[in-house]
2 protein chains.
Amino acid sequence: MAVDPECPVCRTAEIVCAKWTLLVVRELDEGRSRFCELERSLTGISPRTLSLRLRELEQEGIVERQQLDELPPRTEYALTDKGRALLPMIEDMRCFGERWLDCEADAVFSSPSA
Amino acid sequence: MAVDPECPVCRTAEIVCAKWTLLVVRELDEGRSRFCELERSLTGISPRTLSLRLRELEQEGIVERQQLDELPPRTEYALTDKGRALLPMIEDMRCFGERWLDCEADAVFSSPSA
DNA sequence: CGCGGCACTTCACTTGGTAAAGTGGTTCCG
DNA sequence: CGGAACCACTTTACCAAGTGAAGTGCCGCG
C-alpha cells in the first residue's frame, strides 16, 4: 500500500477507517449484539460488509464472537478491551461533528444507554 | 449512502475516513506546505488523490489554500481552526496504535532503516 | 408443510484509489 | 537560445472495496 506500517496512526487508520467499523464499535458499546440486530441498527449496511467487518474486527481482537449453542444457534458479538480503546476516537468525532458540522447534537442514535 | 446524516459521528467519519485525509492533516499540522512537499512526505499518495483530498478538505473548511502569486506561482496549504480540531483524533489513534498495535512508538514517519 | 428468522454467501454493479503519463507554466544551466 | 527540470496539477486506464438483491442451509412454529 504505501503508508508506513510502523506508524501507529497509519496502522490505526487502516483499521478504523474501513467503512462502518466505527459504527459497529459504537453499536457494540451499547452492549453485546447479534448479527441481525447489528444489521438493523446500522441501517444500510449490506450483510456482506457487516460479515467482513465483523471478521476483520474479530481478527484484530477488537470484537469477540461468541457462538451460543442453543437451538437455534445464536452468534453474539461484543467489544474487547482493545475495542473499547477505540471509544475515545468516537467521542472526539462526536465532539467535532457537533461543533463544526451542522449535526443535531442529540441525534446520536437511539438510546442513551443507562 | 445510508448512514444518518444527522449523526455527528457518521458525518465526521465520512470526512476523516477518506484515505490519506488524516495523514495530510497531520502533515499540515507540522506547518503550511506545498503540493509537492506533501506528495513527498506522504510516500505513495497519487497526485490525483492528493489533489482530490486537498480540494475536499478545502471545501470542508479544514485546509486553506493560498495562491502566492510569486513567480513561479506557488500554492500553499495550511490547517484552519476546524482542521486543528481533528488533531485530538490523530492523537487518540497514535495512542491506540502504540498501546495495542505493534508499532514502533517513535517511528512516526521515515523508517529508520539503518 | 410451508413460512419466517438467523447468519451468512454469491453475484453483478458502482465507486474510490492507484500508477503512469501528460499539461502548461516557470526558472536554471551551458 | 535550447533543453532539462520543477511545480501544480489533470487525464487515462485499471483494480479493489463496498452495495443491493438474491440465495443458502438450518432451525422452530402454527
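Quick note: numbers below take in every heavy atom, side chains included, and nothing from hydrogens, waters or symmetry partners. Being a predicted model, the structure only gives us computed values, none of them experimental.
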Return a table of donor-acceptor pairs under 3.5 angstrom between the side chains of residues 78-86 of chain B and protein atoms on other chains or two or more places apart.
| unit_1 | atom_1 | unit_2 | atom_2 | d |
| --- | --- | --- | --- | --- |
| Thr80(B) | OG1 | Gly61(B) | O | 2.6 |
| Thr80(B) | OG1 | Ile62(B) | O | 3.1 |
| Thr80(B) | OG1 | Lys82(B) | N | 3.3 |
| Thr80(B) | OG1 | Gly83(B) | N | 3.1 |
| Asp81(B) | OD1 | Arg84(B) | NH2 | 3.0 |
| Lys82(B) | NZ | Glu60(B) | O | 2.5 |
| Arg84(B) | NH1 | Leu79(B) | O | 3.4 |

Given atom [atom1] of [X] and atom [atom2] of [N], what is their separation to the nearest angstrom?
{"X": "Glu56(A)", "N": "dG18(D)", "atom1": "CD", "atom2": "C1'", "result": "11 Å"}
{"X": "Lys19(A)", "N": "dA16(D)", "atom1": "NZ", "atom2": "C1'", "result": "14 Å"}
{"X": "Leu50(A)", "N": "dG18(D)", "atom1": "CG", "atom2": "P", "result": "12 Å"}
{"X": "Ile45(A)", "N": "dA17(D)", "atom1": "CD1", "atom2": "C1'", "result": "13 Å"}
{"X": "Trp20(B)", "N": "dT18(C)", "atom1": "CH2", "atom2": "P", "result": "6 Å"}
{"X": "Leu42(B)", "N": "dA8(D)", "atom1": "CG", "atom2": "C1'", "result": "15 Å"}

Counting only heavy atoms not in Arg65(A), do more than 12 fall under 6.0 Å of its CZ?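 Yes, enclosed.
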For residues Leu52(A) and Leu54(A): do they belong to one hydrophobic cluster (side chain heavy atoms under 4.5 Å, members Ile, Leu, Val, Met, Phe, Trp, Tyr)?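 In one cluster: no.
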Short side-chain N/O contact from Arg53(A) to OP1 or OP2 of dA17(D), under 4.0 Å: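 Answer is no, no contact under 4.0 Å.
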Any donor-acceptor pair under 3.5 Å from Thr49(B) side chain to Ile45(B) backbone: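 Not a single qualifying donor-acceptor pair exists.
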Is the backbone of Pro47(B) close enough, under 3.5 Å, to the side chain of Ser51(B) for a donor and an acceptor to pair up by distance?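 Judged by distance alone, no pair lies under 3.5 Å.
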Positive for salt bridge (charged side-chain N to carboxylate O under 4.0 Å, His left out) with Arg32(A), one of Glu76(A), Glu37(A), Glu27(A):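 For Arg32(A), the salt bridge (charged side-chain N to carboxylate O under 4.0 Å, His left out) test succeeds with only one of Glu76(A), Glu37(A), Glu27(A), which is Glu76(A).
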Go along nucleotides 6-12 of chain C 5' to 3' and tag each nucleotide: B for a protein heavy atom under 4.0 Å from its base, S when only backbone or sugar atoms are that close, - otherwise. SSBBBB-
